[in-house]
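Indexing begins at 1, ligand by ligand and atom by atom, following the structure's order.
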Amino acid sequence: MDKFVITGGNKLCGEVTVGGAKNAALPLITASLLVRGQSRIFNVQPLTDIRTICRLLNILGAECSVGDDMVIVDTSGLKNYEAPYKLVKTMRASIYVLGPLLAHFGRARISLPGGCAWGPRPVNLHIEGMRKLGAEVALEGGYIIARARRLRGANIDLDFPSVGATGNILMAAVAAKGETVINNAAREPDISALAEFLQKMGARIEGIGTSTLHIQGVDELHSCDFNNIPDRIEAGTFMVASAITAGDVKLNHCRPDHCQAALQKLQIAGCDIEQGVDWVRVRRDGDIQPVNVTTEVYPGYPTDLQAQWIALMSLAKGTSWVIETIYKDRFTHVAELARLGAEITMKDSTAMVKGVGKLKGAPVMSTDIRASASLILAGLAAEGRTDVTRIYHIDRGYYRIEDKLVQLGADIHRERDE
Ligand code: UD1
């Protein structure tokens with residue numbers, strides 16, 4: 001296993017290019033299962049999670065290849081409808097094949113994703129959605145077993161605007177007979193990108209970007225190419241990297257309009273922000289001001305940037321509160337940040353973060369993608385050496401993050417963890 005060795009204290013300065021969004025690319029790749037032939041998706045980073053979803057598509061009989069910045073899916077040989085346990089257990093987003101497989105084969109057999117490091121992550125909304133579209137769904141032997149002769153449009157009111165459930169239902173509904181309305185749909189840019197890809201395939205969707213999606217099922221969809229959107233969470237992570245090191249970083253090839261909640265918080269925390277359509281510059285000279293954050297669905301402050309915010313607030317001039325409303329137990333980074341000297345007190349889903357004058361390097365362990373990012377950020381700002389172990393978590397969602405950080409002046413390298 002690899003680890004990162006960081007010597008903290010360098011201010012990050014310069015320019016960095018943001019890669020394609022992981023969370024948007026995953027459903028774009030599985031949506032390719034809805035058509036026969038070749039789809040090309042550009043601006044996709046060769047991340048571990050992208051390789052995992054491609055492995056799954058290959059098991060299904062499609063040919064899916066990952067290039068430096070694109071994924072090509074050829075579905076000519078698609079023949080299986082089972083997503084096995086051994087792959088689904090490594091990546092929950094494998095559930096994104098449910099809708100497309102049901103639409104394509106009228107059948108799907110998907111291992112139940114189960115929980116993850118930060119608690120249970122149910123899929124009831126995905127299952128209820130498929131049932132509403134006319135599928136029979138049973139849970140047997142740890143698998144979701146779904147069947148439908150022909151999916152038919154329905155009115156679906158989501159209890160919560162789940163990103164995954166909205167995406168799955170959308171992919172199934174475009175091929176269903178008649179009209180589907182998804183109320184309380186997720187408005188994340190990842191869902192809008194998916195809807196636009198489906199439209200390019202010939203789907204009829206209205207209300208993109210709003211919480212009500214109207215879908216008219218069509219009989220045939222065709223393959224096409226699509227440009228993935230930039231990763232707003234990678235962007236947010238680099239913004240916080242600049243802020244936490246009193247740096248001056250310009251992010252290129254990003255979408256500041258997708259990052260407004262984080263940018264507003266950074267400004268209140270004392271950063272200067274300049275932005276254009278596809279770039280943003282974040283710099284900090286003065287103290288870090290304490291700023292409270294509550295995670296919310298888009299366009300609110302994202303849960304995927306909560307851990308990074310706690311790292312930043314650990315060095316603020318005062319106390320702040322960080323409330324997690326999406327995944328209430330998502331705080332595995334707190335104990336690790338404490339090893340660097342952070343003072344964080346937990347009560348239910350609220351972290352009270354008392355800013356300390358400085359953090360000091362220590363060995364810490366990654367537990368999930370975003371928690372790992374927060375440990376790297378804290379290590380960059382800490383005095384002395386920080387070793388971050390189990391970095392396979394970070395490789396799932398950030399492509400060679402150390403190279404991008406070194407380019408900005410950080411002292412970080414990858415080593416084999418003996
Ligand atoms: C996606 C992101 C993840 C991010 C999350 C919230 C991907 C691959 N992952 O995950 O990085 O943290 O959005 O922005 O895109 N829920 C249910 N039942 C369901 C589905 C969800 O109760 O069937 C609940 C979850 O437990 C959670 C909330 O809804 O409390 C949000 O989950 P959801 O939006 O579905 O997250 P994911 O799509 O899994």
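Looking at ligand 1, you'll find an N or O of Ile326 within less than 3.5 Å of one of its N or O atoms. Residue Pro161 places no N or O, backbone or side chain, under 3.5 Å from any N or O of ligand 1. Distances between N or O atoms of Leu125 and those of ligand 1 include at least one value under 3.5 Å. Considering backbone and side-chain atoms alike, Phe160 places every N or O at 3.5 Å or more from each N or O of ligand 1. At least one N or O atom of Ser162 sits closer than 3.5 Å to an N or O atom of ligand 1. Of the polar atoms of Tyr327, at least one N or O is found under 3.5 Å from an N or O of ligand 1, judged by distance alone. Ligand 1 has no N or O atom lying under 3.5 Å from any N or O atom of Lys22, backbone or side chain.
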Open item on the list: Could you walk me through whether Ile182 and Thr212 satisfy the side chain to side chain contact (heavy atoms under 4.5 Å, CB included) test, starting with their C-alpha distance in whole Å, then the side-chain angles of each, then the deciding distance to 0.1 Å, before giving a yes or no?
Closed with: CA-CA 6 Å; Ile182 311 176; Thr212 307; over 6 Å; no
TODO: Could you give me the CA-CA distance, side-chain angles and deciding distance for Asn23 and Val163, then say whether side chain to side chain contact (heavy atoms under 4.5 Å, CB included) is met?
DONE: CA-CA 10 Å; Asn23 286 353; Val163 179; over 6 Å; no
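By the 4.5 Å heavy-atom criterion applied to side chains, Val5 and Thr386 are not counted as neighbours. No side-chain heavy atom of Glu63 sits less than 4.5 Å from a side-chain heavy atom of Val73. Looking at Arg370 and Gln308, their side chains come closer than 4.5 Å, going by heavy atoms from C-beta outward. Looking only at side-chain heavy atoms (C-beta outward), Tyr327 and Gln306 stay at 4.5 Å or farther from each other.
Residues forming a ring pair (Phe, Tyr, Trp, His ring centres under 6.0 Å) with Tyr143 (at least two apart in sequence, or on another chain): none.
At a 4.0 Å cut-off, not a single heavy atom of Asp190 sits close enough to ligand 1 to count as contact. Using a 4.0 Å cutoff on heavy atoms, Glu128 does not count as a contact of ligand 1. Residue-ligand proximity: Arg92 is placed with a non-hydrogen atom under 4.0 Å from ligand 1.
A donor-acceptor contact shorter than 3.5 Å links the side chain of Thr389 to the backbone of Val364. Distance alone, capped at 3.5 Å, places no donor-acceptor pair between the Arg281 side chain and the Lys250 backbone.
The residue Glu296 has no part lying near ligand 1, judged by heavy-atom distances below 4.0 Å. Contacts with ligand 1 closer than 4.0 Å are made by no heavy atom of Ala165, backbone or side chain.
Within ligand 1, the atoms closer than 4.0 Å to a non-hydrogen atom of Arg330 are 12 (O), numbered from 1 in the order shown. The distance from ligand 1 to the heavy atoms of His126 drops below 4.0 Å at these ligand atoms: 23 (O). Against a heavy-atom cut-off of under 4.0 Å, Gly164 is close to the following atoms of ligand 1: 35 (O), 38 (O). Residue Val123 has at least one heavy-atom neighbour below 4.0 Å for each of these atoms of ligand 1: 19 (C), 23 (O). Residue Thr303 approaches ligand 1 through these ligand atoms, each under 4.0 Å from one of its heavy atoms: 6 (C), 12 (O), 14 (O).
Here the shortest heavy-atom distance to atom 12 (O) of ligand 1, taken over Asp304, Val163, Thr325, belongs to Asp304.
Using cut-offs of 30° and 60° on the angle between ring planes, the pair Phe226 and Phe197 is tilted.
Shortest non-hydrogen contact noted between Ser314 and Ala342 is OG-CB, 3.5 Å.
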